[in-house]
Number of protein chains: 2
Amino acid sequence: MARVGLTPERLTEAGAELADEVGFDEVTVSALARRFDVKVASLYSHVKNSQDLRTRIALLALAELADRAADALAGRAGKDALAALANVYRDYAREHPGRWAAAQLRLDPQTAAASAGVRHAQMTRALLRGYDLTEPDQTHAVRLLGSVFHGYVSLELGGGFSHSAPGTDVTWARIIDALDTLLRNWPSPPTDPRG
Amino acid sequence: MARVGLTPERLTEAGAELADEVGFDEVTVSALARRFDVKVASLYSHVKNSQDLRTRIALLALAELADRAADALAGRAGKDALAALANVYRDYAREHPGRWAAAQLRLDPQTAAASAGVRHAQMTRALLRGYDLTEPDQTHAVRLLGSVFHGYVSLELGGGFSHSAPGTDVTWARIIDALDTLLRNWPSPPTDPRG
DNA sequence: GCACTTGCCTAATAGCTTTAGGCAAGTGGG
DNA sequence: CCCACTTGCCTAAAGCTATTAGGCAAGTGC
């Protein structure tokens, strides 16, 4: 009958929209087929299986996020860049909760290495050029920033902070302040007290 | 026939073990029934449904984690306490990845308020007594610590740090150093530059 | 030892996943 | 123009999970 024009790309994009609407966990081959008004089996010519679909959505989200991050970092340095990058993650998660959830999907090492995930690490590293850190402290700092961004955004989105005053916007600003301070005064490894 | 002696508690405990073995996402009423060598429908006299089972596992994990945290904090203060609490989360996640995943489950506000989750916040707050923070900075700091612990442990467990040197143990130690430094030198809110 | 409760069972419905095979809508060469 | 070919969506079917309704037998209390 009428051909709808399914492609892996259109399925991935629609899957991402669906994720934002109903949650990434509810993204199912069946639901996606319904959205295109097409029989379920038809999708299997375009994506290998359910896992494949979910992985494609995750890769889409990672790439979108990396694009936004690159954009935000352009022409900024220091605390300005730090805040901009931090807000990219937080804003993306709030605008696109389903895609954010997708971006947290555990990818197999192969896929992860070929994903935009590596760009994220590179950009965080680039950001740290505005601070005076040398290896291996730079790597430690990259991991710390990744942890804070991921952790805060996940907890806030999950409602973990919703019960109490003060509002989360204030906390977020103060955390960025704190990270900036910390990066400008990164502590040297404590000397071994036995020495 | 032979009665196996199912109870909500035994199901929850077995579900937690199953989660650690095969992952929280694979914890299913069917799999649990197989584990007890019992028909699937039999479980529905003890747990309301699949969601109920998962919630019970989450509550178990939160409680276990809070118990460990309370134990670790007893008799410690300052950086010692900070490191101890941090390690409780990290070690628990590595020993019990499925339960850790369960503990991340989004609970509805009612359930969350009655869960051990509130003990976690209280203990983090208690920990901060060793540092010189007053409200609202204390709340900001609680949220920062929660974010770092949750974020770091999730990323490490998901393999996010596995590609690169230095090892994650070193980074973890340095992050705890950094947090300690930060809490001892918590920056005041920057004065409004327009003022 | 009998009535009663409770626990696990059978049976049935419904949804999601995935594979195999079919037919018709587009596409390119003669 | 049309015929062969490819490709896209369809029907059919099997397997797994979730959930509910109703039954029977194993334990419990008098």
Side-chain angles (χ1 to χ4, degrees), chain A residues 1-60 98-99 101-102 104-108 111, chain B residues 1-60 98-99 101-102 104-108 111:
Chain A
M1 326 298 192
R3 301 199 169 185
V4 185
L6 304 178
T7 64
E9 289 71 30
R10 286 192 63 197
L11 290 177
T12 305
E13 180 63 39
E17 283 168 26
L18 185 59
D20 286 336
E21 291 166 21
V22 302
F24 186 57
D25 286 347
E26 311 303 319
V27 172
T28 173
V29 181
S30 301
L32 201 53
R34 275 193 293 274
R35 169 164 287 229
F36 281 98
D37 202 29
V38 137
K39 297 299 173 180
V40 187
S42 306
L43 301 201
Y44 282 83
S45 315
H46 304 283
V47 296
K48 246 204 312 292
N49 51 38
S50 188
Q51 181 55 41
D52 179 39
L53 171 65
R54 300 164 82 75
T55 301
R56 284 171 189 268
I57 297 172
L59 294 176
L60 172 70
R99 295 173 199 222
Q104 316 308 318
L105 187 68
R106 314 268 181 255
L107 302 174
D108 66 282
T111 313
Chain B
M1 328 300 191
R3 301 199 169 186
V4 185
L6 303 178
T7 64
E9 291 70 31
R10 287 193 63 197
L11 289 177
T12 305
E13 180 62 40
E17 284 169 24
L18 184 58
D20 287 335
E21 290 167 20
V22 303
F24 186 57
D25 287 346
E26 311 304 320
V27 172
T28 172
V29 182
S30 302
L32 202 52
R34 274 193 294 275
R35 169 165 287 229
F36 280 96
D37 202 27
V38 138
K39 297 299 173 182
V40 186
S42 307
L43 301 201
Y44 282 84
S45 315
H46 305 282
V47 296
K48 245 203 314 291
N49 52 36
S50 188
Q51 182 55 42
D52 179 40
L53 171 64
R54 300 164 80 76
T55 300
R56 284 169 188 270
I57 297 172
L59 294 176
L60 172 69
R99 295 174 199 222
Q104 317 308 319
L105 188 67
R106 314 268 180 256
L107 301 174
D108 66 283
T111 313

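Chain letters run A, B, ... following the sequence lines, proteins first and then strands; every chain starts at 1. Since the structure is predicted, the reported quantities are computational estimates derived from the model, not experimental observations.
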Among [options], the nucleotide that comes nearest once only the side chain of [X] is considered:
X	options	answer
B/S45	C/dA24, C/dC8, D/dA18	C/dC8
A/V29	C/dT17, C/dC16, D/dT19	C/dT17
A/K39	D/dC10, D/dT19, D/dC9	D/dC10
B/Y44	D/dA18, C/dT10, D/dG8	D/dA18
A/V40	D/dT19, D/dT17, C/dT18	C/dT18
A/A41	D/dC9, C/dC9, C/dA20	C/dA20
B/S30	C/dC8, C/dA25, D/dA18	D/dA18

Taking atom [atom2] of [N] as reference, at what distance in whole Å does atom [atom1] of [X] sit?
X	N	atom1	atom2	value
A/D37	D/dG8	CG	C1'	15 Å
A/D25	C/dG15	CG	C1'	16 Å
B/N49	D/dT19	CG	P	5 Å
A/L18	C/dC16	CG	C1'	14 Å
A/L43	D/dT11	CG	C1'	15 Å
B/D52	D/dT19	CG	C1'	13 Å
B/F36	C/dG7	CZ	P	14 Å
B/L6	D/dG27	CG	P	14 Å

Report yes if a side-chain nitrogen or oxygen of [X] is closer than 4.0 Å to either non-bridging phosphate oxygen (OP1 or OP2) of [N]; otherwise report no.
X	N	value
A/R3	D/dC10	no
B/H46	C/dC8	yes
B/S42	C/dC9	yes

- State whether the side chain of A/R99 and the backbone N or O of A/L60 hold a donor-acceptor pair below 3.5 Å, judged by distance alone.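 No: the side chain of A/R99 does not pair with the backbone of A/L60.
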Rounded to the nearest 0.5 Å, what's the gap from [atom1] on [X] to [atom2] on [Y]? Could you check?
X	Y	atom1	atom2	result
B/E9	B/H46	CD	NE2	10.5 Å
B/T111	B/R106	OG1	CZ	14.5 Å
A/L59	A/L105	CG	CG	8.5 Å
B/L32	B/L6	CG	CG	8.5 Å

Practice item. Scan A/V4 against the nucleic acid and name what it touches under 4.0 Å (heavy atoms): base, sugar-phosphate only, or nothing. Key: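 Counting heavy atoms under 4.0 Å across all strands, the contact made by A/V4 is with sugar-phosphate only.
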* Could you pick out which residue, A/R34 or A/K48, lies toward the 5' side of DNA chain C when each is mapped onto its nearest nucleotide? =>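 That would be A/R34.
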